[in-house]
Every structure is written in C-alpha cells, then in structure tokens.
Amino acid sequence: MKIVAVDVVVTSPTRNFVTLKVTTDEGVTGLGDATLNGRELSVAAYLKEHVVPLLLNRDPANIEDTWQFLYRSGYWRRGPVTMAAIAAVDMALWDIKGKVAGMPVYQLLGGASRRGLSTYGHASGRDLPELFDSIRHEKEHGFSAIRVQTSVPGITALYGVAAQTQASGERYDYEPAQRTALPVEEDWDTRAYLRHLPGVFEAVRHEFGPDLALLHDGHHRMTPLQAARLGKDLEPYDLFWLEDCTPAENQEALRLVRQHTTTPLAIGEVFNSIYDIKDLITEQLIDYVRCASTHFGGISPLKKVMDFAAVYQVKSGFHGPTDVSPVGLAAQMHVGMAIHNFGLQEYMEHSERTNAVFEQSLTFVDGLLHPGDQPGLGVELNEEEAAKYAYQPAYLPYNRLADGTVHDW
C-alpha cells in the first residue's frame with residue numbers, strides 16, 4: 001500500500017479538535033488526534049505545511065520508521081506542536097494497520113491484559129453539600145474512583161470546579177477554554193488552598209467511608225515544599241494519587257516531595273517525550289504516568305514508556321479529559337488494554353455533538369471502559385457532521401496572585 005491522501009480536519013462541536021485522516025491507495029483510512037488545547041491551529045498548520053508532503057507515497061505499514069523519520073528529520077525536536085503532529089500520524093497508521101489486519105489495535109500490541117479499563121470520574125463543588133452531590137452522581141454513574149476538586153474561600157475562580165460561571169454555558173471543568181478574544185484572568189492564593197483542602201478531604205472521607213478511591217489535581221501550582229506539605233497533610237485520607245503537585249519541568253523537584261510524603265504521585269500530562277519523565281521513573285519519584293498519547297507522540301512511544309516504567313513498578317494513569325479527542329482517547333485505551341502495568345484511566349465523557357462527529361465503538365459498563373473490538377482504533381469521523389462546526393478561537397485561563405504576579409494556572 002501507499003499513502004495517497006492526507007487531510008487535516010479542524011472542527012469545533014463543543015470545543016476545537018484537530019484530526020488527521022490518512023488514506024491509502026487501497027481505500028483504507030486511519031485517524032489521528034492532533035488537538036493542542038488553545039493552540040490548535042499551530043498544529044494544523046504544522047501538519048499541512050510540513051508533515052503532509054512527507055507522507056505521500058510512503059508505506060503506511062512502516063509505523064516505527066515513519067515515527068523516527070518525522071522525529072529526527074526535522075532536527076528541531078520535541079515540543080507540544082511537533083509531538084502532537086507526530087502523534088496524529090502514528091495513531092492513523094496504527095488505525096490503518098488494525099483495519100488491514102482485521103483486529104483492534106490492542107490485539108496488535110500484545111492482546112488484552114484485562115477485561116476493561118478501570119476509570120475515574122470528576123466531582124467538584126463550591127461547598128461541601130454541592131461536592132457531596134457531585135460525588136454521589138459520579139458513583140451512580142459507575143465510577144469507583146473519583147477526582148475531588150473544590151472551591152476555596154478567598155479564591156474567586158478555581159480550576160476544575162464545574163459550577164463556576166462560564167460565558168459559553170458549558171461546565172467549567174468540561175471545557176475551561178473559553179471562547180474569548182483574550183485569556184480570562186483568574187486569581188490564586190496557595191496558602192488559602194493549603195489551609196482549606198485537608199478539611200475538605202476529611203469531610204469527604206467521613207461522608208463516603210474508606211473504600212472510595214479519591215484523587216486530587218494540584219495543577220502545577222505549588223512549589224516542591226508546598227507540594228510536600230500538602231501530600232503529608234492528605235496522608236490520613238488515603239488518596240489514590242495526588243496529581244501534578246508541582247510544575248513538572250524540573251524533575252528533581254519531585255525528590256523533595258517524595259522525601260516528605262507517602263501520598264502516591266501522578267504526573268505527566270504536559271510531557272512530550274521520554275526525556276521529560278525518564279528520571280522520575282528510574283528514581284521512582286512518581287507512581288503513575290499521566291502522559292497522553294496525543295501530546296506524547298502517539299501510541300508507539302506511549303507503549304514504550306510504559307514498558308520502561310514497568311521495570312520500576314510505575315503504572316499508567318493516562319490523561320483523558322475532553323481536550324483529548326475521542327480518537328486520542330481510543331489510542332491510549334488500546335495501550336491501556338495491552339500493557340501489564342495499567343493503573344487507572346481518566347474518563348470524561350464528550351458532548352453529544354462531539355460524539356456525533358466522532359462515531360465510536362467504546363463501551364463504559366460497571367466502571368470499566370473498553371475501546372471495542374472493531375478493527376483499528378474503533379473511531380470513525382463523520383465529515384459531514386464535522387463540517388457543521390467551524391473553528392472558534394478559545395483560550396485557557398491564567399492565574400494572577402493578589403499582587404498581580406502571573407502564576408501557574
């Protein structure tokens with residue numbers, strides 16, 4: 001076979017998505033996710049202007065060779081734009097290979113290691129009653145592990161709290177990127193957050209007992225010492241993991257955190273390559289790898305990094321909110337089905353309009369997510385439906401401290 005056409009599709013059913021469609025001379029097509037939240041058009045342009053011409057007439061079966069060619073031939077390596085573009089190509093080629101073989105991709109990766117993927121849902125509230133109602137809703141929906149995010153007195157707006165006002169009318173945590181001319185400014189106070197959060201988890205444990213797996217996302221906002229303090233303060237409440245407790249660029253920062261707390265740590269959603277996480281794995285400074293197939297270069301490197309992590313008893317916790325399209329979610333579900341060291345999969349259901357654009361074979365039953373057994377990734381693009389929703393500029397918010405200093409959001 002040869003690749004004869006490569007199309008970049010940008011659509012915005014509820015949020016912006018960038019999808020790569022690769023077509024072979026035998027009429028087999030494959031899809032890849034190249035969505036980069038808030039910078040979607042940069043990846044679309046990178047694909048159209050720099051990657052698509054390199055793919056025409058290549059053999060789609062040579063997935064590893066194509067990945068290495070795209071990574072090494074550009075000379076300027078890594079970064080979210082480059083790796084999202086490579087990821088889309090990699091996913092599309094695995095999709096084609098699965099369709100040619102007549103198998104779901106996870107079978108090509110070694111077969112199923114489990115019946116389905118354990119997942120966690122998202123609960124949040126502006127106060128305890130609202131938070132408790134949200135947790136009950138997630139439990140009723142089938143989740144046995146739940147991420148808990150809460151408002152903090154003295155902070156006007158806070159990442160992950162669904163009931164916050166948003167101009168689009170969507171849930172805030174469903175799609176925090178707002179369709180505005182400029183990014184929305186929010187406020188932040190680390191000391192207020194550190195004082196408030198342990199009491200929230202104490203109340204949640206008292207209300208829901210010891211069996212419910214609880215998670216929390218610090219969203220990169222703490223210094224290593226602050227993160228160490230929070231991890232220690234949350235130890236009595238037995239978190240499944242504390243996510244992104246400190247900015248991830250400095251891998252050494254996690255050494256300090258690890259020295260002071262036994263709370264399990266998860267990190268990696270903003271990582272783009274093995275070099276961003278290598279030391280965290282080899283020194284066992286984290287417990288869960290949060291990397292997303294879409295931003296990590298695709299299925300091929302995600303499978304490799306998890307095989308590497310298995311040597312150090314580090315498990316997966318792949319990033320799965322709505323800024324990963326159904327194609328990207330499917331890609332990492334297939335990896336999760338095949339690897340032995342699977343831990344937990346984030347699952348945030350996409351909107352009805354998104355699910356109409358991306359027709360999927362996944363199932364979610366009794367808390368277990370499964371990509372389905374259709375050949376390939378199990379996702380098809382309804383191009384007629386996608387064409388109804390033109391791209392709309394959208395930006396994630398950003399934080400400022402009380403004195404006006406820009407802070408991590």
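All values below were derived from every heavy atom in this structure, side-chain atoms included, with hydrogens, water molecules and symmetry-related copies excluded. Along the sequence shown, the residues carry numbers beginning at 1.
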Should the ring pair His219 and Trp409 be called parallel, tilted or perpendicular, given that the plane angle runs from 0 to 90° and is split at 30 and 60? perpendicular

Tell me if the centroids of the rings in His206 and Tyr237 come within less than 6.0 Å of each other. no

Quiz question: by atom type and distance under 3.5 Å, do the side chains of Glu185 and Tyr398 form a donor-acceptor pair? yes

Listed once per pair and sorted, the salt bridge (charged side-chain N to carboxylate O under 4.0 Å, His left out) pairs that draw on residues 64-82, sequence neighbours left out: Arg58-Asp65, Glu64-Lys304, Arg78-Asp276

Both conditions, 6.0 Å and 45 degrees, for the charged tip of Arg400 above the ring of Trp188: are they met here? no

According to the interplanar angle, ranging from 0 to 90°, do the rings of Phe364 and His141 count as parallel (below 30°), tilted (30 to 60°) or perpendicular (above 60°)? tilted

Is it true that the NZ or CZ of Arg15 lies under 6.0 Å from the centre of Phe17's six-membered ring and within 45 degrees of the ring axis? yes

So, Glu346 and Thr119: side-chain donor and acceptor under 3.5 Å apart, yes or no? no

With ring pair (Phe, Tyr, Trp, His ring centres under 6.0 Å) as the rule and sequence neighbours excluded, what pairs involving residues 305-332 come up? Phe308-Tyr312

Does Arg221 count as lying over the ring of Tyr193, i.e. NZ or CZ under 6.0 Å from the six-ring centre, within 45 degrees of the axis? yes

Centre-to-centre under 6.0 Å for His350 and Phe358, is that the case here? no

Is any side-chain heavy atom of Ile135 closer than 4.5 Å to a side-chain heavy atom of Lys139? yes

Quick one: do Trp94 and Tyr106 satisfy ring pair (Phe, Tyr, Trp, His ring centres under 6.0 Å)? Show the steps, please. CA-CA 10 Å; Trp94 277 107; Tyr106 73 81; over 10 Å; no

Using a cut-off of 6.0 Å, state whether more than 12 heavy atoms not belonging to His137 lie near its atom NE2. no

